[in-house]
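Worksheet: one structure, shown below.
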Amino acid sequence: MTSISAIYPTDFTTAMHKLLGPEAPDFFEAQAQRAPVSLRLNPAKTTASPEHALPAQFQPVPWCDQGYYLQERPLFTLDPRFHGGAYYVQDASCMLLSAALKQLPEWAQAERVLDLCAAPGGKSTLLKSLLPAQACLVANEVIPARATILAENLTKWGADRVVVSRNQPRDFQNITQGFDIIVVDAPCSGEGLFRRQPEAIQEWSSAQVAVCAQRQEDIICDIWPALVEEGLLIYSTCTWNPQENEDLLAALQQRLNFEVIALDFDSQWGVHGHDGLYRCLPHRLAGEGFSLCILRKKDPREVQRASRSKSAKRQRTKNKIQPPQAIPKEYLEWLPHETASLWCEDDTLYHWPLAHRPFLQELQQHLRLVTGPLVIAQARGKHWIPSTAWLLSACFNRDAFCELPVDLDTALQYLYGEALPVSAQTAASSWQWISYAGLPLGWVKATPTHYNNYWPKPWKIRQRFPAIDPEQNIRLCLPVHAVSGPNRL
Ligand code: SAM
């Protein structure tokens, strides 16, 4: 067996011994094991098979209702449900955020939530699933290519009440209606990834830790004015060292006014820490590295929440919302039952909560939005084209269109971007939605000879996997059922 000193930098080993004391040998032993595979279901789209029917190899993640471990890692690319946003592949430790949110009365009351460092979307999809009914979510990522991936993942998850922006933290200081909750899942030295990405070990150094800690301090100070008084900033990293955790909090105490919130996690889960700073460590629980703390803003210099809501109300009354008059009659039957949140602009039909329209206008004015309000349909000439984002969202009106259920091979053909053969019985020159295992995937439009494929081109599966049998592969995936039933809106 390779010795610890041959694998890890001495500074890292020393720091972990200092942090963990007698637990350190168990930690290093766990680091030598394989990282667990886990995923989180999308409760708006799927549920796991009932517990008695769930094969034993799929164990639930104790701190997250929707989280499950998989014994083997399937090729998720060959599972159509992965593309349809049925689940998100996520390390179990990161799901601790869901157990934290459930303890916060502020979360249930939140109206505006910001995920500041959001790509590729693990925390944003979790936040979206738990988002209170009255709230909207801004998911931000500063790096353009990563922001595109974030937008794709959130669209597949269901992006009603969500916008994706591509901004620096300080840009949010222009938003006058502050955020009630801001999540800063900060770029860090990545110690908690060492098991899954051994190359991260080579990039680690004490100097790099110091650079990360300074960047984290800058990010938090830059975003602080965008948080309302009494608002919560949830700070997390996938690293353990005190410089990016305790020491950072001490540095922030010098510059900002806040209290650290104590959380209460079930002692059986094995979460390390108390008094506000919590760590997931691989020898204590089945997951990778993750650290979390929550700050409540106590800063009377900031504009009060109440006065902000007043100005929001003033703006709301000034802003007369137009009904979707521009939608031709024949398309009205497409619409969700609740139409107050719809409006038409530049030949596009949008959906966004009425109460958040002034906030949306502010976001559009001050930020670079990668995706704005949910697009329901866009006009092309005399016709309207329903959007994939709508189909994948919770406000899709399933009943207005014909469902085209397909098997695994056909679903993959569709996701490869191929046209599908049309059978005489099903031919109809209208929009139809492809479903796999009850889950909406995307649009097709029938012609006399085939179905035209409307799966977005950038999302197409590009690689072929001739050595893998899709049917066998899908048996390694968690058995899930699509959530059906009436539209939510
Ligand atoms: N929250 C994400 C998730 O759960 O999938 C992971 C976020 S990752 C740990 C940190 C993100 O911060 C990266 O996507 C990175 O591009 C972004 N980032 C890097 N430098 C930044 C900065 N100076 N300000 C804000 N975000 C930054």
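Ligands are counted one by one from 1 in listed order, and the atoms in each one are counted from 1 as well.
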Does only the side chain of [X] get under 4.0 Å from ligand 1, or the backbone, or both, or neither? Count heavy atoms.
X: Lys123; result: both
X: Cys188; result: neither
X: Glu141; result: side chain

Measuring from the heavy atoms of Cys94, does anything fall under 4.0 Å of ligand 1?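 For ligand 1, residue contact (heavy atoms, under 4.0 Å) with Cys94 is absent.
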
Out of all atoms in ligand 1, which are within 4.0 Å of some heavy atom of [X]? Include the element for each.
X: Ile143; answer: 16 (O)
X: Val142; answer: 18 (N), 21 (C), 26 (N), 27 (C)
X: Pro120; answer: 5 (O)
X: Pro169; answer: 24 (N), 25 (C)

With distance as the sole criterion, is a donor-acceptor pair present between the side chains of Gln66 and Tyr87 under 3.5 Å?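 Not at all, the side chains of Gln66 and Tyr87 share no donor-acceptor pair under 3.5 Å.
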
When you compare the side chains of Asp180 and Gln109, does any donor N or O come within less than 3.5 Å of an acceptor on the partner?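 No.
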
Suppose we measure from [atom] to each protein heavy atom; which comes out shortest, and what is that distance?
atom: atom 26 (N) of ligand 1; answer: Cys117 SG, 3.6 Å
atom: atom 19 (C) of ligand 1; answer: Pro187 CG, 3.6 Å
atom: atom 22 (C) of ligand 1; answer: Ile219 CD1, 3.5 Å
atom: atom 5 (O) of ligand 1; answer: Gly122 N, 2.8 Å

When only distance counts, is Arg146 in polar contact with ligand 1, meaning an N/O pair under 3.5 Å?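 Yes.
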
Does the plane of the ring in Phe396 sit parallel, tilted or perpendicular to the ring in Trp443? Use 30° and 60° as the thresholds.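 Answer is perpendicular, since the angle exceeds 60°.
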
So how far is it from Leu104 CG to Ile234 CD1, rounded to the nearest 0.5 Å?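 Here the interatomic distance stands at 6.0 Å.
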
Between the side chain of Lys45 and the main-chain N/O of Gly84, is any donor-acceptor distance below 3.5 Å?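 Indeed, once roles are kept as given, a pair shorter than 3.5 Å links the two residues.
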
Is Val483 close to Thr47 at the side-chain level, that is, under 4.5 Å between some pair of heavy atoms?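 Contact flag for Thr47/Val483 side chains = yes.
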
Answer yes or no for Arg81 and Tyr436: cation-pi contact, defined as NZ/CZ to six-membered ring centre under 6.0 Å and angle to ring axis within 45°.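 No; the conditions do not both hold, so Arg81 does not lie above the ring face of Tyr436.
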
So is Lys156 actually on top of Trp459's ring, under 6.0 Å and inside 45° of the axis?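 Satisfied, under 6.0 Å and within 45°.
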
Options Asn167, Leu116, Asp185, ranked by nearest heavy atom to atom 8 (S) of ligand 1, top entry: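 Shortest heavy-atom distance from atom 8 (S) of ligand 1: Asp185.
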
Answer yes or no: does atom CZ of Arg34 have more than 12 heavy-atom neighbours from other residues, nucleotides or ligands under 6.0 Å?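 No, not enclosed.
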
